[in-house]
Amino acid sequence: MNKDERLVRQITPKSEDFSRWYVEIVQKAEMADYTPMKGMMVIRPYGYAIWEAIQRLLDRRIKETGHVNAYFPLFIPESFLKKEAEHVEGFSPEVAWVTIGGQEELEEKLAVRPTSEAIIGYMYAKWIKSWRDLPVLYNQWANIVRWEKVTRPFLRTTEFLWQEGHTCHETAEEGEAETLKILALYKEFCETELAIPVIAGRKTLREKFAGAEMTYAIEALMSDGKALQMGTSHNLGQHFSKAFDIKFEDRSQTLQYVWQTSWGMTTRTIGALIMAHGDDSGLRLPPRIAPVQAVIITIPAANWRETVLPVAQKVQAALRAAGFRVDLDAREEYTPGWKYAEYEMRGVPVRIEIGPRDVKSGQAVLVRRDLKTKEIVTLEALPARLPALLDEIQATLLRQAEEFVAANTRAASTYDELKDILETKRGFVQAPWCGAEACEDKIKAETMATIRVLPLSQDGVPVSGGCVCCGAPGKATALFARAY
RNA sequence: CGGGGAGUAGCGCAGCCUGGUAGCGCACAGCGUUCGGGACGCUGGGGCCGUGGGUUCAAAUCCCACCUCCCCGACCA
């Protein structure tokens, strides 16, 4: 066997088989693993650490905007779910039911929550009496079960984790403002923390949440050219308040139904991180959410325990004291080369190599994961250089993703053009749309693409030309894409 | 849920056609030499051959059912 054959190929190249590449990263970076139950995965410590970082950074934003956390039951009585007609119709194909408790058949079966509007709506009716009780701004971090037919780690699993906000307001305007405020919050979160640019917009009626008045979403473009919904924010209007009788006495002493919103972001964002930033060596994590921001790798040689190791330990202590998440890998059973590949797979943003040569010259070698470039830094300069480097990596990942979106967003004015782009290039396609569901359905059937959103950035901008499908006057500029 | 492919050691696979009690590479353990891009040598451990049933003196191998994974569609965060 020659040397090249001995070097085990890490993972399938992204260009060769994207979904295989994706699954291999999930497993080799130890983010998640399959269980014997269909569609149910274990989120392993490394993947869960990413989720904890997402929770920490998103939760802070949710609280800063005045929301508080609470926890509602996992089970929802069937009758509750049935109260809002559109809601039950939309979710019934994917609800799991509990019919037996212990040895006894239940009188009323219980749904394992596919979302919590129903149970929360019931409780809100008990708690809200007056305009003085409003707004109610609750959020919960929870698990959700939806009996999906096709599953994929992080992107679509039977059980997943999310955060769901449920708010009540005095007026329609306040409800709409809340919906948009959260949408903007999500967008800012994705771009600042995950380095994933998103397009914010309205969903069409076809794609809206079952029971919502209007659904807004943020959509990102993965590096295979398919779109992924990163978060949704629903203006529920009075649909659920009427179904659950959530009434309050307003300032003019009239009984009124509250105006509600709900919004969520899920563990799917972890899948988005892989697909937006990963390369053929594995994950590339944005420093702001990376569980490990830098790893120190010692290069052994004779006496290294006396010479190299103490220096490495000192560097780690100094960087940790400065607030960075820094690991030290001084294991002797693996060679440096093996470790380089391993931490690249896991997407650790910065690698710090310290060997005998470095110790002698008082330096360290820094290698950034995003560009794989090296630089030499003196040990004294390291605590100042690391934060700057992490910021550069964060910015580079965002910029690369933005450039990808820009390069893969195209305008189509004819149906042939739309079809051609979706078939040969993928990505986002901007095109005028007449507003008819028939056109939406036809495009979906023939191109597998859907309207991801009607971008908010297009509001007030005149639509150029007729509907890309039927030619009727364009009512909106729609963003089409094949999606996950 | 429809069409296709697959499940044999932790991972990747061979063996199956033509039944006779399981093998390779990597990984893992021990020892030694190594270590600046997945090191090498020697020794060793590990398998209800996805699950259940059937055929047979005998099943990883043949037959049936089910489960799970992957791909392509319909449904969805």
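Hydrogens, waters and symmetry mates are skipped; everything else that's a heavy atom, side chains included, is used. Sequence lines set the chain letters: A, B, ... in the order given, protein chains first and strands last, and positions in each chain run from 1.
- In this pair, A:F160 and A:W162 present their aromatic rings perpendicular. The plane angle is above 60°, beyond the 30 to 60° band.
- Picking from B:G36, B:A74, B:C69 the nucleotide with the shortest atom distance to the side chain of A:K38 gives B:C69.
- Atom-to-atom, NE2 of A:H234 to P of B:C76 comes out at 13 Å; the value is rounded to the nearest Å.
- Separating the C1' atom of B:C28 from that of B:C11 is a span of 12 Å, rounded to the nearest Å.
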Begin with the C-alpha distance, continue with both residues' side-chain angles, and end with the deciding distance and a verdict on ring-ring contact (aromatic ring centres under 6.0 Å, His included) for A:F91 and A:F209. CA-CA 10 Å; A:F91 279 103; A:F209 174 76; 5.6 Å; yes
Using the rule given for side chain to side chain contact (heavy atoms under 4.5 Å, CB included), can you reason through A:Y343 versus A:R369, listing the C-alpha separation, both sets of side-chain angles and the distance that settles it, and then say yes or no? CA-CA 9 Å; A:Y343 291 101; A:R369 173 64 182 89; over 6 Å; no
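- Set against B:G73, B:C28, B:C69, the side chain of A:Y334 has B:C28 as its closest nucleotide.
- Among the nucleotides B:C75, B:U68, B:G36, the one closest to the side chain of A:R206 is B:C75.
- Within residues 444-458 of chain A, the residues approaching RNA chain B are A:K444, A:M448, by heavy-atom distance under 4.0 Å.
- For A:D358, the listed nucleotide lying nearest its side chain is B:G36; candidates were B:C69, B:C75, B:G36.
- Between A:R368 and A:E375, no side-chain nitrogen of the basic residue sits less than 4.0 Å from a carboxylate oxygen of the acidic one, so the salt-bridge criterion is not met.
- With the nearest nucleotide of RNA chain B identified for both A:T335 and A:K208, A:T335 has the one nearer the 5' end.
- In this model, no side-chain donor or acceptor of A:R146 finds a partner on the base of B:C76 within 3.5 Å.
- Between the CZ atom of A:R113 and the C1' atom of B:C76 there is a distance of 19 Å, given to the nearest Å.
- Contact annotation for A:G271: no contact, since no heavy-atom pair falls under 4.0 Å across all strands.
- Proximity of A:E94 to A:P114: side-chain heavy atoms (C-beta onward) are nowhere separated by under 4.5 Å.
- Rounded to an integer number of Å, the gap from A:R156 CZ to B:C76 C1' is 5 Å.
- Comparing the same atom, C1', in B:C40 and in B:A59 gives a spacing of 42 Å after rounding to whole Å.
- Taking every side-chain heavy atom of A:V367 into account, B:G37 is the closest of B:G37, B:C1, B:C35.
- Nucleotide B:G73 holds its P atom 11 Å from the CZ atom of A:R152, rounded to whole Å.
- Interface remark: the A:R351 side chain does not form any donor-acceptor pair with the B:G36 base, using a distance-only criterion of under 3.5 Å.
- Checking side-chain atoms of A:T157 against main-chain N and O of A:E159 turns up a donor-acceptor pair under 3.5 Å.
- Under 4.0 Å is where a charged nitrogen must lie from a carboxylate oxygen, and between A:E86 and A:K208 at least one such pair does.
- Side chains of A:R60 and A:F189 form no contact here, defined as non-hydrogen atoms less than 4.5 Å apart.
- Considering only heavy atoms from C-beta on, A:T167 stays 4.5 Å or farther from A:Y138 through its side chain.
- Following rounding to the nearest Å, A:I299 (CD1) and B:U34 (C1') show an atom-to-atom distance of 13 Å.
- Across all strands, A:Q229 comes closer than 4.0 Å only to sugar-phosphate atoms, never to a base (heavy-atom distances).
- Taking atom C1' in both B:A60 and B:C16, one finds a spacing of 7 Å when rounded to whole Å.
- Between B:C71, B:C1, B:C76, one nucleotide has an atom nearer to the side chain of A:E94 than all others, and that is B:C76.
- Below the 3.5 angstrom threshold, one finds no donor paired with an acceptor across the side chain of A:Q27 and the base of B:G10.
- In this structure, A:E207 and A:P336 both approach RNA chain B, and ranking their closest nucleotides by distance from the 5' end singles out A:P336.
- Residue contacts for A:Y34: at a heavy-atom cut-off of 4.0 Å it reaches the sugar-phosphate backbone alone, with no base atom in range.
- For the contact set between residues 40-60 of chain A and RNA chain B, defined by any heavy atom under 4.0 Å, there are no members.
- What separates NZ of A:K442 from P of B:A74 is a distance of 17 Å, to the nearest Å.
- Here B:G37 is the nucleotide among B:C71, B:C28, B:G37 with the atom lying nearest to any side-chain atom of A:E344.
- Without hydrogens or angle criteria, A:Y186 side chain to A:A217 main chain gives no donor-acceptor distance under 3.5 Å.
- For A:V150, counting side-chain heavy atoms from C-beta on, the closest listed nucleotide (B:G36, B:C35, B:A74) is B:A74.
- Atom pair A:L228:CG and B:C76:P shows a separation of 16 Å (rounding to whole Å applied).
- Nucleotide B:C69 holds its P atom 14 Å from the OH atom of A:Y22, rounded to whole Å.
- When the nucleotides B:A39, B:C69, B:G37 are ranked by their closest atom to the side chain of A:A341, B:G37 comes out on top.
- Among A:F72, A:Y71, A:W51, the single residue meeting the ring-ring contact (aromatic ring centres under 6.0 Å, His included) criterion with A:W141 is A:W51.
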